[in-house]
A.B. asks: 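Let me begin by handing over the structure; questions about it come next.
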Amino acid sequence: MKNFRYLISREYEADSVAEDLRLQLEINRVNQVHVKAVTVRNEVLVQVPDANDSIEEVVENFMHSYQTGIILE
């Protein structure tokens with residue numbers, strides 16, 4: 001599994017972004033991804049299965065407008 005920490009812009013709340021991402025993944029019928037909001041640090045943690053570039057692309061495209069940075073763990 002790959003773990004991504006998306007640092008969310010101050011104008012958005014991590015809870016709201018995480019919920020919207022879950023909905024987007026559900027619409028795309030992606031159920032192997034785990035999404036968690038860390039409200040204290042205004043981050044969204046996303047866990048993606050290894051070697052699944054299509055899922056990573058969906059997540060990255062969605063998060064592009066909300067993030068100020070990304071950390072791959």
Side-chain angles (χ1 to χ4, degrees):
M1 296 293 261
K2 289 184 182 178
N3 296 307
F4 297 92
R5 284 178 45 204
Y6 289 95
L7 311 174
I8 305 301
S9 176
R10 291 183 181 174
E11 57 195 76
Y12 303 106
E13 293 182 14
D15 286 338
S16 178
V17 173
E19 187 59 36
D20 291 346
L21 177 57
R22 285 185 199 104
L23 179 61
Q24 182 66 42
L25 292 169
E26 185 178 314
I27 289 169
N28 288 319
R29 297 182 180 165
V30 175
N31 57 9
Q32 307 96 328
V33 178
H34 300 284
V35 178
K36 180 178 180 177
V38 181
T39 55
V40 174
R41 294 188 311 240
N42 205 32
E43 296 177 352
V44 175
L45 305 178
V46 181
Q47 190 175 49
V48 179
D50 284 331
N52 202 326
D53 294 334
S54 61
I55 293 176
E56 284 183 44
E57 186 176 338
V58 169
V59 172
E60 287 175 9
N61 287 337
F62 179 85
M63 295 300 292
H64 180 73
S65 352
Y66 298 107
Q67 70 184 17
T68 59
I70 182 172
I71 300 170
L72 176 62
E73 296 179 331

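Owing to the predicted nature of the structure, the values given are computational and were not obtained by experimental measurement.
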A.B. asks: Nearest heavy-atom pair of N42 and A14: which atoms, and what distance?
C.D. replies: OD1-N, 2.9 Å
A.B. asks: More than 12 non-hydrogen atoms from neighbouring residues, nucleotides or ligands closer than 6.0 Å to CD on Q32, yes or no?
C.D. replies: yes
A.B. asks: Treat each ILVMFWY residue as a node, draw an edge where side-chain heavy atoms are under 4.5 Å apart, and state whether V33 and L72 are in one component.
C.D. replies: yes
A.B. asks: Any side-chain heavy-atom pair from V59 and Y6 closer than 4.5 angstrom?
C.D. replies: yes
A.B. asks: So if you build clusters from Ile, Leu, Val, Met, Phe, Trp, Tyr with side-chain heavy-atom gaps below 4.5 Å, do I55 and L21 land together?
C.D. replies: yes
A.B. asks: Would a single hydrophobic cluster contain both V30 and V35, if residues Ile, Leu, Val, Met, Phe, Trp and Tyr are joined by side-chain heavy-atom contacts under 4.5 Å?
C.D. replies: yes
A.B. asks: Enter the distance from L25:CG to H34:NE2 here, rounded to the nearest 0.5 Å.
C.D. replies: 11.5 Å
A.B. asks: Are F62 and I27 co-members of a hydrophobic cluster defined by side-chain heavy atoms under 4.5 Å apart?
C.D. replies: no
A.B. asks: Pick one: which of V38, T39, V44 meets side-chain contact (heavy atoms from CB on, under 4.5 Å) with D15?
C.D. replies: T39
A.B. asks: Side-chain contact, heavy-atom cut-off 4.5 Å: L45 with F4?
C.D. replies: no
A.B. asks: Would a distance-only check, ignoring hydrogens and angles, find a side-chain to backbone donor-acceptor pair under 3.5 Å from N3 to Q47?
C.D. replies: no
A.B. asks: Identify the two heavy atoms, one from M1 and one from P49, that lie closest to each other, and give their separation to 0.1 Å.
C.D. replies: SD-CA, 3.4 Å
A.B. asks: Check whether any side-chain N or O of S9 sits under 3.5 Å from a backbone N or O of Y66 as a donor-acceptor pair, and report yes or no.
C.D. replies: no
A.B. asks: Quick one: pull up OG1 in T68 and OH in Y12 and give me the separation to the nearest 0.5 Å.
C.D. replies: 11.5 Å
A.B. asks: Could you measure the distance from the CD atom of Q67 to the CD1 atom of I8? Nearest 0.5 Å is fine.
C.D. replies: 7.0 Å
A.B. asks: When you compare the side chain of R5 with that of I70, does any pair of heavy atoms fall below 4.5 Å?
C.D. replies: no
A.B. asks: CD of Q24 to CG of N61: how many Å apart, nearest 0.5 Å?
C.D. replies: 9.5 Å
A.B. asks: State the CZ-CG distance between R22 and N31, to the nearest 0.5 angstrom.
C.D. replies: 14.5 Å
